[in-house]
Amino acid sequence: MLTAGGSKSPQSCGASSIIPRQKKKSVCSYLDWTGPDCTCPGRTAPPPPPPPPPLLLLLRSDMALRRFFVGGNWKMNGNKESLGELISTLNTASLHEDTEVVCGAPAIYLDFARSSLDPKIGVAAQNCYKVAKGAFTGEISPAMIKDCGVDWVILGHSERRHVFGESDELIGQKVAHALESGLGVIACIGEKLEEREGGTTEEVVYTQTQVIAENVKDWGNVVLAYEPVWAIGTGKTATPEQAQEVHEKLRAWLRANISDEVADSVRIIYGGSVTGANCRELASQDDVDGFLVGGASLKPEFVDIINARA
Ligand code: PGA
């Protein structure tokens with residue numbers, strides 16, 4: 001039945017007008033509602049559907065959770081003059097704010113680096129011992145590193161492992177003590193060329209990670225650095241696919257052996273001949289959460305590497 005005049009009022013949705021009188025609804029349903037002009041009593045527009053999440057966010061949500069991390073490992077290089085110039089370059093450069101930057105200074109320059117670098121740039125020691133103090137000539141402790149205002153330490157670097165003969169066990173003890181002392185740890189792992197060629201890359205990096213994991217209570221202060229020994233200082237960078245493959249496996253290892261939360265949140269960074277020229281492609285890999293950079297961290301191109309995801 002149509003309303004008087006043979007047509008529905010433009011102010012009514014009309015839904016009730018075709019319902020027999022005895023069953024007439026006083027208010028139309030959402031399904032009947034036809035537009036913002038509807039004046040049925042009590043009518044309000046149905047809530048709009050929530051917008052779909054952006055596709056990029058869906059695909060890269062875990063990447064987004066993990067803040068990009070770029071460490072510079074100055075190793076045993078530089079002096080106050082050259083490092084001072086590098087520090088001025090970093091202090092005045094435009095650095096992507098979503099990147100966490102940490103510079104690994106030689107022990108004797110930790111104080112100098114910390115007092116000269118802009119506070120938004122972190123500083124790391126390149127090594128430390130496994131106890132707080134004592135008769136250990138030539139060593140430095142996490143307590144001393146912290147006393148210089150420095151918050152990070154690099155442990156298990158391949159040069160410590162293979163030039164100075166540090167064992168997995170010693171590295172594990174250092175990791176435990178550094179974390180207990182409140183330092184963040186950049187824990188390095190990586191296979192040698194003969195191990196890669198012999199097909200034991202996974203076994204090697206899992207064993208190294210296992211020993212580190214046994215000494216970690218809180219993964220919030222740990223960054224895992226995958227540095228294939230054959231790529232360090234050689235100019236032979238791992239391809240983005242090679243890096244991604246190992247990083248993905250390491251994340252799966254963390255998921256299977258620690259927890260989903262740790263696997264999703266721990267930054268796994270790549271090291272080995274990273275340069276301004278190759279950093280962007282490496283940084284585009286899903287499981288590459290940053291870099292540990294040696295040679296190129298002493299040059300102005302370090303800024304390009306910091307901004308690899310900008
Ligand atoms: P590289 O060194 O960038 O000079 O290869 C990396 C590292 O040793 O951490």
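Since the model is a prediction, treat every value here as computed from it, not as a measurement. Sequential numbering from 1 along the given sequence is applied to the chain's residues. All ligand and atom numbering here is 1-based and tracks the order in the structure.
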request  = Compute the minimum heavy-atom distance from Gly71 to ligand 1 and say whether it is under 4.0 Å.
outcome  = no
ask   = So, Glu191 versus Tyr226: side-chain donor-acceptor pair below 3.5 Å or not?
value = yes
message = Is the ring pair Tyr270/Phe291 parallel, tilted or perpendicular, if the boundaries are 30 and 60 degrees?
response = perpendicular
request  = Within a distance under 4.0 Å of any heavy atom of Lys75, pick out the atoms of ligand 1 and give their elements.
outcome  = 2 (O), 7 (C), 8 (O)
ask   = Does a salt bridge link Asp264 with Arg66, judged by any charged N lying under 4.0 Å from a carboxylate O?
value = no
ask   = Which protein heavy atom lies closest to atom 7 (C) of ligand 1, and at what distance to 0.1 Å?
value = Glu227 OE2, 3.2 Å
task = Please state whether Ser273 comes within less than 4.0 angstrom of ligand 1, counting heavy atoms only.
result = yes
task = May I ask whether Gly295 has any heavy atom positioned less than 4.0 angstrom from an atom of ligand 1?
result = yes
key: For Ile121, the option from Ile87, Asn91, Val102, Ile306 that meets side-chain contact (heavy atoms from CB on, under 4.5 Å)   = Asn91
key: Atom indices of ligand 1, in the order listed, that fall short of 4.0 Å to a heavy atom of Ile232   = 2 (O), 5 (O), 8 (O)
note = Note: Val131 and Ser141 closest approach over all heavy atoms is O-CB, 3.4 Å
Contact partition for Ser158 relative to ligand 1, non-hydrogen atoms under 4.0 Å = neither
query = Any idea which atoms of ligand 1 are less than 4.0 Å away from a heavy-atom of His157?
reply = 7 (C), 8 (O), 9 (O)
Numbered atoms and elements of ligand 1 in range of Ala231, under 4.0 angstrom, heavy atoms = 5 (O)
Under-4.0 Å heavy-atom contact with ligand 1, by part of Asn73 that carries it = side chain
ask   = Counting only heavy atoms not in Lys299, do more than 12 sit closer than 6.0 Å to its NZ atom?
value = no
ask   = Of all heavy-atom pairs between Val229 and Ser158, which one has the smallest distance, and what is that distance?
value = CG2-CB, 3.8 Å
query = Does Arg251 come within less than 4.0 Å of Asp289, counting only side-chain N to carboxylate O?
reply = yes
inquiry  = So if I count the atoms of ligand 1 from 1 in the order they appear, which ones are less than 4.0 Å from some heavy atom of Gly272?
reply    = 5 (O)
request  = Could you pull out, from Gly233, Gly294, Ser297, the option with a heavy atom nearest to atom 5 (O) of ligand 1?
outcome  = Gly233
message = Would you compute the distance between atom CG of Leu292 and atom CD1 of Ile154 and round it to the nearest 0.5 angstrom?
response = 5.0 Å
query = Under 3.5 Å, N or O to N or O, is Glu159 touching ligand 1 that way?
reply = no
